[in-house]
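The chains referred to below are lettered A, B, ... by the order of the sequence lines, with proteins before strands, and numbering in each begins at 1.
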2 protein chains.
Amino acid sequence: MELRKIFSENKHILLYGAGLALLLFLLKWLELRFVIFDHALEVYVGAIALIFTGLGIWLALKLTKPKVERVVVEKEIYIEKSRDFVFNETEMNRLGISKRELEVLQLMAQGFSNAEIAERLFVSLNTIKTHASNLFFKLDASRRTQAIEKAKSLALIP
Amino acid sequence: MELRKIFSENKHILLYGAGLALLLFLLKWLELRFVIFDHALEVYVGAIALIFTGLGIWLALKLTKPKVERVVVEKEIYIEKSRDFVFNETEMNRLGISKRELEVLQLMAQGFSNAEIAERLFVSLNTIKTHASNLFFKLDASRRTQAIEKAKSLALIP
DNA sequence: TTTCCGTTCATACTTTCGGGCGATTTTGGA
DNA sequence: TCCAAAATCGCCCGAAAGTATGAACGGAAA
């Protein structure tokens with residue numbers, strides 16, 4: 001359950017710990033057998049240092065998260081514009097545009113001002129502004145004229 | 001001359017070596033003073049291991065080039081295939097729309113702001129505003145979106 | 001040459017848009 | 001029944017759009 005997840009996420013650290021423990025046991029064992037450190041403490045310590053430096057380097061390499069660099073590749077999609085308009089519901093769903101937003105979009109494309117749209121839909125001007133803002137975001141536009149252009153090319157409006 | 005270059009290029013490695021040497025001297029000195037390792041070899045070795053692990057990590061972080069993970073993001077660009085557009089010159093003459101005004105109208109329909117249009121046509125913002133106002137009057141519109149709608153229906157723009 | 005017209009630009013002002021918050025209420029499904 | 005998404009509305013502020021008016025300049029037609 002959780003255990004496996006914890007292990008896999010901290011695999012390197014756990015391996016490091018295990019390695020360290022193992023080494024310590026090995027040293028203890030060596031200590032009992034020979035009296036290495038009596039003669040050559042420097043060599044001994046140097047070896048330890050080297051080994052753990054290596055381990056540290058290995059740890060660092062494994063644990064550092066790579067920087068994510070985003071490369072934007074532009075993909076061109078051609079769209080046929082036909083006079084017999086077929087509403088592209090797929091695109092609407094893909095962009096997450098709601099029914100109400102579509103209504104606002106349609107009226108916007110017909111040249112109505114926000115105030116006029118508000119009047120027509122019996123809601124406040126602020127509401128229309130919110131819908132418009134959401135539309136601009138979803139259509140990746142910063143002006144209503146842009147939004148209209150894009151919506152037309154996506155067959156969201158005639 | 002060369003020496004300085006060599007030093008700056010291998011700064012981290014040299015620093016590491018110096019640190020190692022220093023530590024070894026320190027240990028030697030400690031060895032002469034006390035008999036630490038007699039009592040607690042594990043602690044001693046553990047400390048060394050920890051220190052050099054840290055050094056290793058530091059070395060690795062300093063020496064290795066930062067990992068970069070490339071993520072390719074596809075950005076879709078929709079391009080409209082306008083098949084058949086026949087410009088209605090008659091209507092343009094009837095409404096008394098000038099060439100320059102038509103240019104502005106086209107850019108407006110493409111979603112450009114007045115400032116952007118001004119930049120593109122190498123004229124001032126005020127000039128574009130004047131053209132726009134004249135267009136609105138000639139097209140009997142009071143907003144750019146309206147003007148665009150009307151112009152499209154009159155086949156002045158695709 | 002004089003008179004239009006298109007083009008350019010300016011200043012000053014008002015209105016509309018759009019961004020950036022936050023907030024509450026409806027509502028359609030799990 | 002409960003939740004998330006949708007819809008609603010508000011406020012503030014700055015940017016953009018649009019209105020009004022005047023003016024200068026050059027080319028083309030009368």
Trainee: CD1/B/Ile128 to CG/B/Leu135 distance, rounded to the nearest 0.5 angstrom?
Mentor: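 That separation rounds to 10.0 Å.
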Trainee: Any salt bridge between A/Glu149 and B/Lys152, counting N to O under 4.0 Å?
Mentor: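 The answer is yes: the pair qualifies as a salt bridge.
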Trainee: Report yes if a side-chain nitrogen or oxygen of B/Ser124 is closer than 4.0 Å to either non-bridging phosphate oxygen (OP1 or OP2) of C/dT8; otherwise report no.
Mentor: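 It does not, given that no N or O in the side chain of B/Ser124 lies less than 4.0 Å from OP1 or OP2 of C/dT8.
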Trainee: Can you name the side-chain hydrogen bond (donor to acceptor under 3.5 Å, both in side chains) partners of B/Ser133, sequence neighbours left out?
Mentor: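 Scan of B/Ser133 (side-chain hydrogen bond (donor to acceptor under 3.5 Å, both in side chains), adjacent residues dropped) gives none.
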Trainee: Quick one: which of D/dA7, C/dG19, D/dG18 gets closest to the side chain of A/Lys129?
Mentor: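 The answer is C/dG19.
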Trainee: How sharply is the helix from C/dT1-D/dA30 to C/dA30-D/dT1 bent, taking the axes over five pairs at either end and rounding to 10 degrees?
Mentor: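 It comes to 50° between the two terminal axes.
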Trainee: Report the nucleotide, chosen from C/dT7, C/dC9, D/dT19, that has the shortest atom-to-atom distance to any side-chain atom of B/Phe136.
Mentor: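 So the nucleotide nearest the side chain must be D/dT19.
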Trainee: Could you state the atom-to-atom distance from CZ of A/Phe137 to P of C/dG20 in whole Å?
Mentor: 10 Å
Trainee: How long is the line joining CZ of A/Phe112 and C1' of C/dC17, in whole Å?
Mentor: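 After rounding, the reported distance stands at 18 Å.
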Trainee: Is there a continuous path of hydrophobic side-chain contacts, each under 4.5 Å between heavy atoms, that joins B/Phe87 to B/Ile157?
Mentor: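 Looking at the clustering, B/Ile157 is in the same group as B/Phe87.
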Trainee: Has B/Asn114 got a side-chain N or O lying under 4.0 Å from the OP1 or OP2 atom of D/dA17?
Mentor: yes
Trainee: Nearest whole Å is fine: how far is C/dC5 C1' from B/Ile97 CD1?
Mentor: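 Checked: the CD1 to C1' distance equals 16 Å.
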Trainee: Across the strands shown, which category fits A/Thr127 at heavy-atom distances under 4.0 angstrom: base, sugar-phosphate, nothing?
Mentor: base
Trainee: Can you tell me how far P of C/dC17 sits from CE of A/Met108, to the nearest Å?
Mentor: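 Distance check: A/Met108 CE to C/dC17 P gives 10 Å.
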Trainee: Closer than 4.0 Å, any side-chain N/O of A/Arg100 to the OP1 or OP2 of D/dT8?
Mentor: yes
Trainee: Whole-Å distance between D/dA6 P and A/Leu95 CG?
Mentor: 13 Å
Trainee: The test is side chain to side chain contact (heavy atoms under 4.5 Å, CB included); show your working for B/Glu116 and A/Arg143 and say whether it passes.
Mentor: CA-CA 12 Å; B/Glu116 289 169 338; A/Arg143 272 176 288 288; 3.0 Å; yes
Trainee: Which pair of non-hydrogen atoms, one from A/Leu125 and one from A/Asn114, has the smallest distance, and what is that distance?
Mentor: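 Taking every non-hydrogen atom into account, CD1-CB, 3.5 Å.
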Trainee: Side-chain N or O of B/Ser133 less than 4.0 angstrom from OP1 or OP2 on D/dA20?
Mentor: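 B/Ser133 to D/dA20 OP1/OP2: no side-chain N or O under 4.0 Å.
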Trainee: Atom NE2 of A/His131 to atom C1' of D/dT8: distance rounded to whole Å?
Mentor: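 That distance rounds to 7 Å.
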Trainee: Find the distance B/Gln146:CD to C/dT16:P and express it as a whole number of Å.
Mentor: 13 Å
Trainee: Does a side-chain N or O of B/Arg144 approach OP1 or OP2 of D/dG18 to a distance below 4.0 Å, or not?
Mentor: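 B/Arg144 to D/dG18 OP1/OP2: side-chain N or O found under 4.0 Å.
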Trainee: Relative to the 5' end of DNA chain C, which residue comes earlier, A/Leu125 or B/Phe122, by the nucleotide with the nearest heavy atom?
Mentor: B/Phe122
Trainee: Determine whether A/Phe137 and A/Val104 fall in the same hydrophobic cluster, where Ile, Leu, Val, Met, Phe, Trp and Tyr are linked whenever their side-chain heavy atoms lie under 4.5 Å apart.
Mentor: no
Trainee: Quick one: do A/Arg100 and A/Leu121 satisfy side chain to side chain contact (heavy atoms under 4.5 Å, CB included)? Show the steps, please.
Mentor: CA-CA 9 Å; A/Arg100 202 55 157 170; A/Leu121 297 182; 4.0 Å; yes
Trainee: Measure from CG on B/Asn134 to C1' on C/dG6 and round the result to the nearest Å.
Mentor: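 Spelled out: CG on B/Asn134 to C1' on C/dG6 is 10 Å.
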Trainee: Any side-chain N or O of B/Thr130 under 4.0 Å from OP1/OP2 of C/dC9?
Mentor: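 Result: no.
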Trainee: Regarding B/Asn126, tell me which of base, sugar-phosphate or nothing describes its non-hydrogen contacts under 4.0 Å with the strands shown.
Mentor: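 Counting heavy atoms under 4.0 Å across all strands, the contact made by B/Asn126 includes a base.
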